[in-house]
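Presented below is the structure to which this report refers.
All ligand and atom numbering here is 1-based and tracks the order in the structure.
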Amino acid sequence: MIVADHPDKKVVATMQLTFIPNLNRKGSKRMQIEAVRVDNNFRNQGIGAKMINFAFIKGREQNCKIAQLTTDNSRDDARRFYEKLGFKASHLGMKINLSHD
Ligand SMILES: CC(C)(COP(=O)(O)OP(=O)(O)OC[C@H]1O[C@@H](n2cnc3c(N)ncnc32)[C@H](O)[C@@H]1OP(=O)(O)O)[C@@H](O)C(=O)NCCC(=O)NCCS
């Protein structure tokens, strides 16, 4: 879990990175990026882009060959944010709820 702090406010952004062993691509790891959130009052200042670029550094340190994430279909602005950073919507993500409630 990565948090970004700011002198005026303790935590202004979060991100969760998971390094996943994989059978594909000669057993190389891939990095899952989740829980990317920037505090409302701190958006559009480049903090999100900085966090994702930091994630790329961490992923390369872990020898991950791919970084992946999902973003809600309804979030056009988030999609634009990720595409500007180089992500491509190359796969269709699928989910199912496993909880009973
Ligand atoms: C998406 C998000 C992480 C971007 O963080 P950020 O620090 O504002 O991003 P940056 O300043 O580096 O980049 C700004 C870009 O992000 C986009 N963006 C996405 N949602 C935004 C929002 N609610 N407010 C401002 N910018 C937003 C802007 O469109 C902008 O791109 P543009 O210049 O083409 O308009 C942040 O807006 C956020 O936490 N959104 C809510 C949660 C979310 O959607 N998370 C990602 C999906 S899991």
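- Contacts classified as ring-ring contact (aromatic ring centres under 6.0 Å, His included) and involving residues 45-75 (residues at least two apart or in different chains) are given here: Phe56-Phe87.
- Residue Arg79 qualifies as open at atom CZ: its count of foreign heavy atoms under 6.0 Å is 12 or below.
- Applying the side-chain hydrogen bond (donor to acceptor under 3.5 Å, both in side chains) rule to pairs touching residues 87-97 yields Thr70-Lys95, Asn97-Ser99, sequence neighbours excluded.
- Protein residues are said to neighbour a ligand when one of their heavy atoms lies under 4.0 Å from it; for ligand 1 these are Val36, Arg37, Val38, Arg43, Asn44, Gln45, Gly46, Ile47, Gly48, Ala49, Thr71, Arg75, Asp77, Ala78, Arg80, Phe81, Tyr82, Lys84.
- Between Glu83 and Arg80 there is no salt bridge, since no side-chain N of the basic residue sits under 4.0 Å from a carboxylate O of the acidic one.
- Clustering ILVMFWY residues whenever any of their side-chain heavy atoms sit less than 4.5 angstrom apart, transitively, puts Ile20 in a cluster other than the one holding Ile66.
- Note on residues 2-21: pairs passing ring-ring contact (aromatic ring centres under 6.0 Å, His included), not counting sequence neighbours, are His6-Phe42.
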